[in-house]
J.: 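I have a structure here, written as structure tokens, and I will follow up with some questions on it.
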Amino acid sequence: MLQLPLAGAMLQRRLSRLLNLGRRLCSDASVPELQLHNAVTSVPEWARVPLEDLHGRRHDYVRISLTERCNLRCQYCMPAEGAPLSARDKLLTRDELTRTVRVLAAMGVRKLRLTGGEPTLRSDLHLIIEELNSIEGITSVSMTTNGLVLTRRLPTYARAGLAALNISLDSLQSERYEKMARRPGLKKVLAGIDLALQLGFPVKINVVLMKGFNDDEIMDFVEYTKDRPVEVRFIEFMPFSGNSWDDSKLVPYRTALRTILESHPELQGCTPRPNDTARVWQVPGHAGRVGFISSMTQHFCSTCNRLRITADGNLKVCLFGNAEVSLRDAIRSGADDEQLSTLVRAALRNKKPQHAGMQNLAHMENRPMVLIGG
Ligand code: SAM
Ligand code: SF4
């Protein structure tokens, strides 16, 4: 892992080692040329090799954390006292972010998801959405949010070109919601979801299941899909630094599925979508669907097409890997687009075929989720 910040000379040396590694990778004749996307008119030489790792996974999707700050304190995501925040000048600026995405888009990235922390805390979010949408090759910019401010801000995001929303909601009961998020807000989130549906957004609801806490609400969430065209996704609780994870709190996806099947034996599996992290089902007659994200008990690493950029400008090739490369430092020390692309390829070369397994992950150092961007 690059320890950052680095002194200038040391950074230059590391950058140049990575660049050499990347050059070797780029000259590998076995790597097929990138298929040009319709919307991309000119692709520079350095971008013509697809963003593929050593396990044949092509990466066209980037999750971008826009801030480390949040207006909630969800128990599974960060410690009660909050997470240590980076100094302002360590965060990627909007221009640096746009440049990074332009480089990634030239290499075949098509889909972006804005996340955080809480992305709606950025007062310039509508400008970010607009700018990223205008980058050649980018086909969709969507967002994961806690939904607290959607009733006020969503029309502006819609005008800026936001494509879809994932909204986090772990309980349909006010007191419980407040206990989980360590802040109130259920009514606002529910109103935000209704507005998103009225405006025609595709909406997914993220529910982190925790045993003994909200697993008795599984059927309430299934009921919630009866009249609303949303996809409720039950997510297995994952271990990150400071979230007191242990496997007794995990609700395996098979347990949640069994609970639903007991009441709805007619539940139907939906056709899997490529690179989807969720297995999706539908109760016949319901407007919405239910999905399961089983990162712990049945991972989906073999189809992973994702990269992550943290708010402080680090590239993470795996949610559960603690290896990071600072694109921010490379940009600030004068790297050109080709050099940035080489850094990305070198990082991707180290992507493991799969994560370490839940018991090992529980003992690994990683950022708290709020500092990664889910
Ligand atoms: N603040 C936004 C939100 O809550 O939607 C975006 C950032 S949040 C880190 C992104 C997603 O990560 C949320 O849906 C949240 O439920 C999920 N998440 C955070 N910590 C998690 C954990 N330990 N296990 C599973 N999912 C987690
Ligand atoms: Fe904030 Fe989202 Fe983490 Fe909750 S899950 S603390 S809303 S970043």
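Just so you know, ligand 1 is whichever comes first in the structure, and atom 1 is the first atom listed for that ligand. Count residues from 1 along the sequence. Just so we're clear, the structure is a prediction, and the values are computed from it rather than from any experiment.
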J.: Does this structure show an ion pair linking Glu130 with Arg159, if we count only N-O contacts that are shorter than 4.0 Å?
T.: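 No salt bridge links Glu130 with Arg159.
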J.: Test of understanding: given a 4.0 Å heavy-atom threshold, classify the contact between Trp245 and ligand 1 as side chain, backbone, both, or neither.
T.: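 Near ligand 1, Trp245 shows nothing, with every heavy atom at 4.0 Å or more.
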J.: Among protein heavy atoms, which lies nearest atom 4 (O) of ligand 1, and at what distance?
T.: Ser168 OG, 3.2 Å
J.: For a side chain to side chain contact (heavy atoms under 4.5 Å, CB included) with Cys301, tell me which candidate from Arg57, Lys351, His55 qualifies.
T.: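 Option passing the side chain to side chain contact (heavy atoms under 4.5 Å, CB included) with Cys301: Arg57.
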J.: Please determine if atom 1 (Fe) of ligand 2 has an N/O/S atom from Cys70 lying under 2.8 Å away.
T.: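 Of the N, O and S atoms in Cys70, at least one lies under 2.8 Å from atom 1 (Fe) of ligand 2, which means yes.
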J.: With a distance cut-off below 6.0 Å to the six-membered ring centre and an angular limit of 45° from the axis, does Arg233 pair with Phe292 as a cation-pi contact?
T.: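 No, Arg233 and Phe292 do not form such a contact.
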J.: Which of the numbered atoms in ligand 1 are under 4.0 angstrom from any heavy atom belonging to Ile235?
T.: 25 (C), 26 (N)
J.: Counting from 1, what ligand 1 atoms have a heavy atom of Asn206 closer than 4.0 Å?
T.: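 Counting atoms of ligand 1 from 1, those under 4.0 Å from Asn206 are 14 (O).
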J.: Counting only heavy atoms, which portion of Thr144 has something under 4.0 Å from ligand 1: side chain, backbone, both, or neither?
T.: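 For Thr144, the contact with ligand 1 is made by both the backbone and the side chain.
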J.: Answer with yes or no whether Gly117 contacts ligand 2, where contact means a heavy atom under 4.0 Å from a ligand atom.
T.: yes
J.: Would you say that more than 12 heavy atoms from the other residues, nucleotides or ligands in this model lie under 6.0 Å from the CZ of Arg183, or not?
T.: yes
J.: Quick one: look at Asn243 and ligand 1, take heavy-atom pairs under 4.0 Å, and tell me if it's side chain, backbone, both or neither.
T.: side chain
J.: Under 3.5 Å between some N or O of ligand 1 and some N or O of Thr115?
T.: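 It does not: no N or O of Thr115 is found under 3.5 Å from an N or O of ligand 1.
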J.: Numbering the atoms of ligand 2 from 1, which are under 4.0 Å from a heavy atom of Asn146?
T.: 7 (S)
J.: Decide whether an N or O pair under 3.5 Å exists between Gly117 and ligand 1.
T.: yes
J.: Should the heavy atoms of other residues, nucleotides or ligands under 6.0 Å from CD of Glu175 be counted, would the total exceed 12?
T.: no
J.: Taking the six-membered ring of Tyr61 (Phe, Tyr or Trp), confirm whether the NZ or CZ of Lys111 is under 6.0 Å from its centre and within 45° of its axis.
T.: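 Yes; both conditions hold, so Lys111 lies above the ring face of Tyr61.
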J.: Over all heavy atoms of both residues, which pair between Arg113 and Met143 is shortest? Give the atoms and the distance, please.
T.: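 Looking at all heavy atoms of both residues, the closest pair is NH1-O, 3.1 Å.
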J.: Does some side-chain heavy atom of Val208 sit less than 4.5 Å from a side-chain heavy atom of Phe234?
T.: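 No, their side chains stay 4.5 Å or more apart.
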J.: Thr310 and Glu324: side chain to side chain donor-acceptor pair (under 3.5 Å), yes or no, with the steps?
T.: CA-CA 9 Å; Thr310 60; Glu324 299 182 4; 5.1 Å; no
J.: Using a 4.0 Å cut-off to any heavy atom of Gly116, which atoms of ligand 1 qualify?
T.: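 Answer, ordered by atom number: 7 (C), 9 (C).
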J.: Can you figure out which of Glu236, Glu118, Lys204 has its heavy atom closest to atom 1 (N) of ligand 1?
T.: Glu118
J.: Only heavy atoms of Cys77, strictly under 4.0 Å: list the atoms of ligand 2 that pass.
T.: 3 (Fe), 5 (S), 6 (S), 8 (S)
J.: Which residue owns the protein heavy atom closest to atom 6 (S) of ligand 2, what's the atom, and how far is it?
T.: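 I find the closest protein heavy atom is Cys74 N, 3.2 Å.
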J.: What are the atoms of ligand 1, with element, lying closer than 4.0 Å to any heavy atom of Phe237?
T.: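 Those qualifying, in numeric order: 23 (N), 24 (N).
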J.: Please list, in number order, the atoms of ligand 1 under 4.0 Å from a heavy atom of Asn146.
T.: 2 (C), 3 (C), 5 (O)
J.: Report yes or no: do Val280 and Leu209 belong to one cluster of Ile/Leu/Val/Met/Phe/Trp/Tyr joined by side chain heavy-atom distances under 4.5 Å?
T.: no
J.: Which residue and atom name correspond to the protein heavy atom nearest atom 17 (C) of ligand 1, and how close is it?
T.: Met369 CE, 4.2 Å
J.: Any idea which atoms of ligand 1 are less than 4.0 Å away from a heavy-atom of Val208?
T.: 16 (O), 25 (C), 26 (N), 27 (C)
J.: Identify whether Trp281 and Tyr224 are in the same connected component of the hydrophobic contact network (ILVMFWY, side-chain heavy atoms under 4.5 Å).
T.: yes
J.: Which of the atoms in ligand 2, numbered in the order shown and given with their element, are less than 4.0 Å from a heavy-atom of Met78?
T.: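 Under 4.0 Å from Met78, ligand 2 has these atoms: 6 (S).
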J.: Surrounding NZ of Lys249 (heavy atoms of other residues, nucleotides or ligands, distance under 6.0 Å), is the total greater than 12?
T.: yes
J.: Is Asn166 close to ligand 1, meaning an N/O of one under 3.5 Å from an N/O of the other?
T.: no
J.: For the CZ atom on Arg273, are there more than 12 heavy atoms of other groups (residues, nucleotides or ligands in this structure) within a distance under 6.0 Å?
T.: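 Counting other residues, nucleotides and ligands, CZ of Arg273 exceeds 12 neighbours.
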J.: Nearest protein heavy-atom contact for atom 21 (C) of ligand 1: which residue, which atom, what distance?
T.: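 Answer, as residue, atom name and distance: Tyr76 CD1, 3.5 Å.
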J.: Do Ile205 and Leu267 belong together in a cluster built from hydrophobic side chains that touch within less than 4.5 Å?
T.: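 Ile205 clusters together with Leu267.
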J.: At what distance is the nearest protein heavy atom to atom 24 (N) of ligand 1, and which residue and atom is it?
T.: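 Result for atom 24 (N) of ligand 1: Met238 N, 2.9 Å.
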